[in-house]
Amino acid sequence: MTVERKTKEGIVISDKMAKTAVVEVVRRVRDPIFGKFLTKKKKFKVHDEKNECAVGDRVAIQECKPISKTKRWVVTQVVEKGANL
């Protein structure tokens with residue numbers, strides 16, 4: 001039995017911790033009453049084993065078993081290198 005794990009894509013906003021990056025995932029949802037599109041943002045602490053992420057990079061992350069109290073995601077690949085902000 002294989003488990004289908006959730007994947008998301010976002011921008012690295014912090015890489016100051018050892019082997020950890022903070023990734024902001026942005027999604028657009030339609031308001032059920034007014035029909036207008038809203039931008040929702042959420043920050044995830046993700047495990048970055050090789051410390052390859054830098055601020056501004058677009059990365060793909062995947063759900064995993066809990067690594068620490070707040071880390072439940074891991075970086076699968078750096079999709080695009082960004083300008084260091």
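Being a predicted model, the structure only gives us computed values, none of them experimental.
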Between atom NZ of K19 and atom CG of D48, what is the distance when rounded to the nearest 0.5 Å?
-> 10.0 Å
Quick one: do I13 and M17 end up in the same hydrophobic cluster if we chain Ile, Leu, Val, Met, Phe, Trp and Tyr together by side-chain heavy atoms under 4.5 Å apart?
-> yes
Shared ILVMFWY cluster between V25 and I67, side chains joined below 4.5 angstrom?
-> no
Mark yes when over 12 heavy atoms from residues, nucleotides or ligands other than K45 sit less than 6.0 Å from its NZ; otherwise mark no.
-> no
Would V59 end up clustered with F44 when hydrophobic side chains under 4.5 Å apart are linked, directly or stepwise?
-> yes
Lys/Arg-Asp/Glu bridge criterion (N-O < 4.0 Å) met for K42, E24 | no
Heavy atoms of I61 and T76 approach each other most closely as N-OG1, 4.1 Å
Search all heavy atoms of W73 against all heavy atoms of K8 and return the closest pair with its distance.
-> CH2-CE, 3.7 Å
Report yes or no: does S14 contribute a side-chain atom to a donor-acceptor pair with the main-chain N or O of V22 at less than 3.5 Å?
-> no
Are any side-chain N or O atoms of R30 and backbone N or O atoms of G35, one a donor and one an acceptor, separated by less than 3.5 Å?
-> yes
Enter the distance from K6:NZ to R72:CZ here, rounded to the nearest 0.5 Å.
-> 13.0 Å
Measuring from E63:CD to R5:CZ, what's the distance to the nearest 0.5 Å?
-> 8.0 Å
Rounding to 0.5 Å, atoms CD (Q62) and CD (Q77) come to a distance of 11.0 Å
V12, V78: one ILVMFWY side-chain cluster at the under-4.5 Å cut-off?
-> yes
Check each of V46, D57, T20 against V75 using the side chain to side chain contact (heavy atoms under 4.5 Å, CB included) test, and report the only one that passes.
-> V46
